[in-house]
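A quick note: this is a predicted structure, and the numbers were derived from the prediction, not measured.
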Amino acid sequence: MKLSTVRLGRDRTAAARLQKKHCVVLPYRDVGALIASGDGWRERAAAETGERHRLDDVSYAPLIVRPGKVVSVDPGYAARARETGRPLPAVPEFSVRDGRRVVGAHDDICLASEEQDVDWGVALGLVIGRRARGVTAETALSHVAGYTVVNDVTVRSRPGGVLDSGPSPAVATAVGPALVTIEDAPMGGRGLTLNGLVDGRVRQKANTSELIFDVATVIAHLSTVVTLLPGDLITTGTPAASRTGREPGMCLQPGMKVVASIKGVGELRNAVVRSFPQ
């Protein structure tokens, strides 16, 4: 099953079940609210027979309009660690970001004039389906609602491309367009092909089987440090060649078009502009 959050008019969003050419609106403001509604949310989503809209007539809001937190693993891939001159970590390294700064699958990525070093990266995202604290790798996947695509937009303000873990009000992470529920995705999200393009040029290509730590290990480790709640978003890391170590001085600029896709999960298409969202 594929679920999305769609905009229905100026001020209304709703979770929706995606079909081939239309969506069925669900009685929740977004996918996060659906998941947070408790046990049986999958069955409720599959059974709903609400209003229908042609997919051509709706736009995609952020999958989770206000995730409680966004946890970013970095490095996620060995080649990424080499690219940034970092040793392979013994355990997943991560930062926690403000969950309010997310945008939809086709929304603009807005830059402020002072943000001159903004990086991007396609990543497999996973959404937590039920509370996880101190879970084991053997049980971790039972806490996952499903998988989505993330364009992990980040201000890189330190030499060597080291992640600035502080919140940035000037950039937002793109998430969507859909959540592929865990029962319809490969076990642990393995074997999925990621592609990142900027202005039509392939900048990233990888497979989730190359992750340093698999999804279950990531969740188990994070759950020993923070409590993961339904609707939290975890990005599993971006592949090498996002920018750092490849083309010095290159960063996102207004007018660029960024495409982040994961085969079988979805595709983000975002334009880069020099302004704050309204």
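Under a 3.5 Å cut-off, the side chain of Thr238 and the backbone N or O of Val122 do form a donor-acceptor pair. Side-chain N or O atoms of Arg131 include none that pairs as donor or acceptor with a backbone N or O of Thr227 at under 3.5 Å. In this structure, Ser223 contributes its side chain and Arg133 its backbone to no donor-acceptor pair below 3.5 Å. Side-chain N or O atoms of Thr5 include none that pairs as donor or acceptor with a backbone N or O of Ala14 at under 3.5 Å. Judged by distance alone, with hydrogens and angles left aside, the side-chain atoms of Gln204 form a donor-acceptor pair with the main-chain N or O of Pro239 at under 3.5 Å. Here the side chain of Thr13 pairs no donor or acceptor atom with the backbone of Asp30 at under 3.5 angstrom. Side-chain N or O atoms of Ser4 include one that pairs as donor or acceptor with a backbone N or O of Pro177 at under 3.5 Å. Between the Arg17 side chain and the Ala45 main chain, a donor and an acceptor come within less than 3.5 Å of each other.
Dense packing is recorded around CG of Asp57, with more than 12 heavy atoms of other residues, nucleotides or ligands lying under 6.0 Å away. Within a 6.0 Å sphere centred on CZ of Arg12, other residues, nucleotides and ligands contribute more than 12 heavy atoms.
Taking each heavy atom of Met256 and Cys251 in turn, the nearest pair found is CE-O, 3.5 Å. Scanning both residues, Leu63 and Ala178, for their nearest heavy atoms gives CD1-C, 3.9 Å. Contact between Ala216 and Ala140 at its shortest, heavy atoms only, is O-CB, 3.5 Å. Shown here for Leu18 and Cys23, the closest heavy-atom pair between the two residues is CD2-CB, 3.8 Å. Taking each heavy atom of Pro87 and Ala81 in turn, the nearest pair found is O-CB, 4.4 Å. Heavy atoms only, all atoms of each residue included: Gly50 and Glu48 are closest at N-OE2, 3.5 Å.
For the residue pair Ser37/Arg44, the side-chain donor-acceptor check at 3.5 Å is satisfied. Checked by atom type, the side-chain pair Thr139/Thr136 shows a donor-acceptor distance below 3.5 Å.
When side chains are defined from C-beta on, Val25 counts as touching Leu8, because their heavy atoms get closer than 4.5 Å. The shortest distance between side-chain heavy atoms of Thr193 and Lys205 falls below 4.5 Å. Proximity of Pro67 to Asp232: side-chain heavy atoms (C-beta onward) are nowhere separated by under 4.5 Å. Within the 4.5 Å cutoff, the side chain of Ser72 has heavy atoms near those of the Thr235 side chain. Counting heavy atoms from C-beta outward, Thr148 and Ile64 have side chains that stay 4.5 Å or more apart. With contacts defined as side-chain heavy-atom distances shorter than 4.5 Å, the pair Val218/Ile234 qualifies. Inter-residue side-chain proximity for Tyr147 and Ile262 is flagged as unmet; no heavy-atom pair is nearer than 4.5 Å. The shortest distance between side-chain heavy atoms of Trp120 and Asn270 does not fall below 4.5 Å.
Separating the CG atom in Asp56 from the NZ atom in Lys21 is a distance of 9.0 Å, to the nearest 0.5 Å. Distance CG/Leu124 to OG1/Thr208: 6.0 Å, rounded to 0.5 Å. Rounding to the nearest 0.5 angstrom, the gap separating the CG atom in Leu55 from the NZ atom in Lys20 is 12.5 Å. Atom CD of Glu51 is separated from atom NE2 of His22 by 12.0 Å, given to the nearest 0.5 angstrom. Here the CD1-CH2 distance, from Ile35 to Trp41, works out to 4.5 Å after rounding to the nearest 0.5 Å. Distance check: His143 NE2 to Ile128 CD1 gives 8.5 Å after rounding to the nearest 0.5 Å.
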(Q) One pair to check against side chain to side chain contact (heavy atoms under 4.5 Å, CB included): Leu194 and Tyr77. What are the steps and the verdict? (A) CA-CA 12 Å; Leu194 297 80; Tyr77 295 82; 3.7 Å; yes
Q) So Gln19 and Arg52, side chain to side chain contact (heavy atoms under 4.5 Å, CB included) or not? Walk me through it. A) CA-CA 10 Å; Gln19 310 293 133; Arg52 294 157 61 104; 5.6 Å; no
Q | CA sep, side-chain torsions, deciding dist, call: Leu252, Val258, side chain to side chain contact (heavy atoms under 4.5 Å, CB included) | A | CA-CA 9 Å; Leu252 287 185; Val258 184; 3.8 Å; yes
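Residues Ile182 and Leu211 share a single hydrophobic cluster, defined by chaining ILVMFWY side chains whose heavy atoms lie under 4.5 Å apart. Ile219 and Phe213 fall within a single hydrophobic cluster, where Ile, Leu, Val, Met, Phe, Trp and Tyr side chains are chained together by heavy-atom contacts under 4.5 Å. Grouping the Ile, Leu, Val, Met, Phe, Trp and Tyr side chains by contacts below 4.5 angstrom, directly or via other members, places Val198 with Val153. Criterion: ILVMFWY side-chain heavy atoms under 4.5 Å apart, direct or through other members. Under it, Leu222 and Leu126 are part of a common hydrophobic cluster. Grouping the Ile, Leu, Val, Met, Phe, Trp and Tyr side chains by contacts below 4.5 angstrom, directly or via other members, places Val144 with Val135.
Lys2 is linked by a side-chain hydrogen bond (donor to acceptor under 3.5 Å, both in side chains) to nothing, counting only residues two or more places apart in sequence or in another chain. Applying the side-chain hydrogen bond (donor to acceptor under 3.5 Å, both in side chains) rule to Glu267 yields the partners Arg269; only residues at least two apart in sequence or on another chain are considered.
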Solution key, residues 102-111 side-chain donor-acceptor pairs under 3.5 Å, sequence neighbours excluded:
unit_1 : atom_1 : unit_2 : atom_2 : d
Asp107 : OD1    : Arg7   : NH1    : 3.2
Asp107 : OD2    : Arg7   : NH2    : 2.8
Asp107 : OD2    : Gly104 : N      : 2.7

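Between Arg80 and Asp74, at least one side-chain N (NZ, or NE/NH1/NH2) sits under 4.0 Å from a carboxylate O, which counts as a salt bridge.
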